[in-house]
Visitor: 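This is the structure I have questions about; it appears just below.
Not measured: the values here are computed from a predicted model.
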Amino acid sequence: MAVAVRGTRGGGSGGGGAGFRSLFSYRIFVSAMFSLLFVATLSVLFTSHPSTTHHHSRLPSGGNAYMHRTFLALNSDPLKTRLDLIHKQANDHITLVKAYAAYARKLKLEISRQLKMFDDLAKNFSDLTSKPSYKSSLFETSGNLDEDVLRQFEKEVKDRVKFARLLIAESKENYDNQLKIQKLKDTIFAVNELLGKAKKNGAFASLIAAKSIPKSLHCLAMRLVEERISHPEKYKEDWPKAEFEDPSLYHYAIFTDNVIAVSVVVRSVVKNAEEPSKHVFHVVTDRMNVAAMKVWFRMRPVEGGAHVEVKAVEDYDFLSSSYVPVVGQIESSNVQMENATKEGSNIKFRNPKYMPMLNHLRFYLPEMYPKLHKILFLDDDVVVQKDLTGLWKIDLGGKVNGAVETCFGSFHRFSQYLNFSHPLIKERFNPKACAWAYGMNIFDLDAWRREKCTETYHNWQNLNEDRTLWKLGTLPPGLMTFYSLTKSLDKSWHVLGLGYNPSISMDEINNAAVIHYNGNMKPWLDIAMNQYKNLWTKYVDNDMEFVQMCNFGV
């Protein structure tokens, strides 16, 4: 019984003690294992990197890198980082102070030099009055003064005074802030004057470069005329073709004195046309270039069976001073340009482009082509990149002119082209109305005749004889003549600015039906912008012998 009881008690208490001892032993075992693992890790780290001072920049990769950075972070002194920042700041300011010290040293040397010069100058005056010959003869004598000695003394004093004044004048700027400010203002004013003159000369030079006839273009015209004179039998006048008056065809009007330019326009239209034989080009030039134009298109017939009519301004008898106001103004243009030059007014007055009748023919399209219903007007500085027949199919809704608007924001509004201080302009037009572009315009000639647009143009041209309504060009009277009679076309039909704007998107250019080199940097000039020039030159007829002979540089 006693045994049984002891056995029972011993069994119960022994089981609990054994469990406790087992748990305790397990914890000791785990702790020992972690301790051994930590000691082993430290051993590996210290073995791999015995000197963190000399090799801290060579960090290991992988898991060891993480352990290494952790170890360094635990053992780094935060005050050392602060010390490094303070030391760097001190070094930076040492460099700055040394730079200022060098400048101050230079100023000190300059001031010391001036101080020595002033001291020496004062000493020279003192030494002069203490000079024995002057002292005895001029200052310590009780008798009459020696005139020769006095004259010599006066001369030496004046020499020293002159030198002193020069030295003071040179040094005064260093001590007189007001004088420094005034001198700076004078310098700024002088530089501004030079800048203004440079801008004016640059604008004038640019205008001369843009409007002068290039040697290659003059050569081409002369070669063509020489060909006409040498072989007159080849270039007899042809009777007018029926296609020239056929309203069912696609008609273009191009007014220019530039042979190579008009050839590019015609060639680009034809190469991109789906049916070239249905396209008719009416080229009008001046008397000087009409022979060259005719020879060109006889030697280089347009591809695809397209038709070209070449005429001179003088062939249109109705263009007389009794009917056309601008003809009378052209006759007095020399006087106007002379006055503009004397008055120093707008430089464009001196540009003959703004007066010749060739530039104003666009206002007489119905009279020039009485049997046509629609016509597309093109400038000679455009390149056609797509088929244009869709323009004839656009419903203008009774409007006369179809054109691309050029305004954006406050730019290219009527207020920029017309004088809205004039009561007639202020009464008839909206200064915020959007302007449009000449250069690619589809004109409904029937609507033109119905609205009597030519008479409207004549009226405004007569009123502007003294140039009080607008100053220059054909766009202002065009805006006035076709005011409320213009339909806006999609901008992809006509992209402008290739003659002055280097920032036009190439995507916009590639998507355009017509690109326009308006501005001074024409593609046939040396001043053309290179990024756009190839779009024009690819339509130049380089196989033409005279183009090769005249070295067009395209």
Side-chain angles (χ1 to χ4, degrees), residues 243 247-256 258 260-283 297 300-308 362 372-397 399 401-406 436-444 486-501 503-519 522-524 528-529 531-542 554:
E243 290 83 1
S248 65
L249 303 179
Y250 304 111
H251 293 264
Y252 300 81
I254 309 171
F255 307 143
T256 180
N258 188 324
I260 196 71
V262 73
S263 71
V264 167
V265 176
V266 172
R267 207 160 186 246
S268 65
V269 171
V270 171
K271 282 188 174 292
N272 292 286
E274 294 180 0
E275 298 178 281
S277 62
K278 292 186 177 182
H279 294 259
V280 182
F281 299 91
H282 302 273
V283 179
F297 288 109
R300 310 298 294 177
V302 183
E303 301 173 7
H307 313 279
V308 179
R362 63 193 70 189
L372 301 183
H373 303 303
K374 281 188 177 183
I375 195 166
L376 182 64
F377 172 78
L378 293 177
D379 270 344
D380 63 354
D381 54 354
V382 305
V383 170
V384 177
Q385 302 186 127
K386 296 181 181 180
D387 183 73
L388 298 182
T389 54
L391 287 169
W392 278 266
K393 300 172 184 177
I394 293 176
D395 182 8
L396 297 180
K399 306 286 187 180
N401 174 30
V404 170
E405 292 183 339
T406 56
W436 43 266
Y438 262 136
M440 191 221 69
N441 306 78
I442 184 72
F443 287 109
D444 185 334
T486 298
K487 179 180 176 62
S488 177
L489 302 180
D490 187 274
K491 291 186 182 295
S492 63
W493 280 111
H494 187 190
V495 170
L496 298 100
L498 279 72
Y500 69 89
N501 184 4
S503 304
I504 304 174
S505 164
M506 286 308 300
D507 289 337
E508 186 179 2
I509 291 174
N510 292 332
N511 291 329
V514 175
I515 54 176
H516 195 169
Y517 291 83
N518 58 312
K522 302 300 184 188
W524 53 84
M529 286 186 278
Q531 66 265 43
Y532 305 140
K533 192 169 183 177
N534 67 302
L535 300 171
W536 183 85
T537 55
K538 69 180 182 180
Y539 290 107
V540 174
D541 189 354
N542 292 302
V554 296

Visitor: Give, for atom NE2 of H494 and atom OG1 of T406, the distance between the pair rounded to the nearest 0.5 Å.
Guide: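 Going from the NE2 atom of H494 to the OG1 atom of T406 covers 9.5 Å.
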
Visitor: Under a 4.5 Å cut-off applied to non-hydrogen side-chain atoms, are M440 and W493 in contact?
Guide: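 Yes, close enough: below the 4.5 Å cut-off.
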
Visitor: Are the side chain of Y532 and the backbone N or O of I504 linked by a donor-acceptor pair below 3.5 Å?
Guide: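 Looks like yes, one N/O pair under 3.5 Å.
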
Visitor: Within the distance-only criterion (no hydrogens, no angle test), does the side chain of Y438 pair as donor or acceptor with the backbone N or O of L378 below 3.5 angstrom?
Guide: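 Not a single qualifying donor-acceptor pair exists.
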
Visitor: Taking D380 for its side chain and T256 for its backbone only, find out whether a donor-acceptor pair lies under 3.5 Å.
Guide: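 No; zero donor-acceptor contacts below 3.5 Å.
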
Visitor: Of all the heavy-atom pairs spanning Y250 and K393, show the shortest one and how long it is.
Guide: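 Reported closest heavy-atom pair: OH-CE, 4.4 Å.
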
Visitor: So, for A306 and V270, which heavy atoms are closest and what is the spacing to 0.1 Å?
Guide: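 Closest approach of A306 to V270, heavy atoms only: CB-CG2, 3.9 Å.
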
Visitor: Identify the two heavy atoms, one from K487 and one from D395, that lie closest to each other, and give their separation to 0.1 Å.
Guide: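 Shortest heavy-atom separation between K487 and D395 comes out as CE-O, 3.2 Å.
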
Visitor: Rounded to the nearest 0.5 Å, how far apart are OG of S503 and CE of M529?
Guide: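 Between S503 OG and M529 CE, I get 8.5 Å after rounding to 0.5 Å.
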
Visitor: Under 4.5 Å between any side-chain heavy atoms of V302 and F297, yes or no?
Guide: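 Result yes, sub-4.5 Å side-chain heavy-atom pair found.
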
Visitor: Report the distance from atom CZ of F443 to atom CG of L396, rounding to the nearest 0.5 Å.
Guide: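 One gets 10.5 Å once the value is rounded to the nearest 0.5 Å.
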
Visitor: Shortest non-hydrogen contact from K533 to A528?
Guide: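 Nearest pair, atom of K533 first, then A528: CD-CB, 4.2 Å.
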
Visitor: Drop me the distance from L249's CG to E243's CD, to the nearest 0.5 angstrom.
Guide: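 With rounding to 0.5 Å, CG (L249) is 6.5 Å from CD (E243).
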
Visitor: Taking it one step at a time, do Y517 and V383 satisfy side-chain contact (heavy atoms from CB on, under 4.5 Å)?
Guide: CA-CA 8 Å; Y517 291 83; V383 170; 3.9 Å; yes

Visitor: Look at the side chain of Q385 and the backbone N and O of V514, then say whether any donor-acceptor pair between them is shorter than 3.5 Å.
Guide: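 Answer holds: no.
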
Visitor: Can a donor-acceptor pair be found, under 3.5 Å and without considering hydrogens, that links the side chain of K522 to the backbone of G499?
Guide: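 No.
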
Visitor: Starting from the C-alpha separation in whole Å, work towards a yes-or-no answer on side-chain contact (heavy atoms from CB on, under 4.5 Å) for F281 and I254.
Guide: CA-CA 7 Å; F281 299 91; I254 309 171; 4.2 Å; yes

Visitor: Check step by step if side-chain contact (heavy atoms from CB on, under 4.5 Å) holds for R267 and E303.
Guide: CA-CA 8 Å; R267 207 160 186 246; E303 301 173 7; 4.0 Å; yes

Visitor: Do D379 side-chain atoms and D381 backbone N/O form a donor-acceptor pair below 3.5 Å?
Guide: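 No, D379 side chain to D381 backbone: no donor-acceptor pair under 3.5 Å.
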
Visitor: What closest approach, in Å, do W524 and A261 show between heavy atoms, and which atom pair accounts for it?
Guide: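 What the structure gives for the nearest pair is CZ3-CB, 3.7 Å.
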
Visitor: Does H282 form a ring-ring contact (aromatic ring centres under 6.0 Å, His included) with H251? I'd like the steps, not just the answer.
Guide: CA-CA 7 Å; H282 302 273; H251 293 264; 5.1 Å; yes

Visitor: So, N401 side chain and K399 main chain: donor-acceptor pair closer than 3.5 Å or not?
Guide: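 It does not hold such a pair.
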
Visitor: If we ignore hydrogens and angles and just use 3.5 Å, is the side chain of N518 paired with the main-chain N or O of G497 as donor and acceptor?
Guide: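 Pair found, side chain donor or acceptor close to backbone of G497.
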
Visitor: Is there a donor-acceptor contact under 3.5 Å linking the side chains of Y539 and N272?
Guide: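 The answer is yes; a qualifying pair exists.
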
Visitor: Quick one: CG on D444 to CD1 on I375, what's the gap to the nearest 0.5 Å?
Guide: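 With rounding to 0.5 Å, CG (D444) is 12.0 Å from CD1 (I375).
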
Visitor: Please indicate whether K278 has more than 12 foreign heavy atoms, meaning atoms of other residues, nucleotides or ligands, lying under 6.0 Å from its NZ.
Guide: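 Open.
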
Visitor: Taking all heavy atoms of S277 and all of H307, pick out the closest pair and write down the distance.
Guide: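 Of all heavy-atom pairs spanning S277 and H307, the closest is O-NE2, 3.3 Å.
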
Visitor: Check the pair I394 / I442 against side-chain contact (heavy atoms from CB on, under 4.5 Å), numbers first and verdict last.
Guide: CA-CA 9 Å; I394 293 176; I442 184 72; 5.7 Å; no

Visitor: Have D490 and S492 got a donor and an acceptor in their side chains that come within less than 3.5 Å?
Guide: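 The criterion, which ignores hydrogens and geometry beyond distance, is satisfied for S492 and D490.
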
Visitor: Below 30° counts as parallel, above 60° as perpendicular, anything between as tilted: where do the rings of W392 and Y252 land?
Guide: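 Perpendicular: the ring planes of W392 and Y252 meet at over 60°.
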
Visitor: In Å and rounded to the nearest 0.5 Å, what is the CD1 to CG distance from I509 to L498?
Guide: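 The distance works out to 4.5 Å.
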
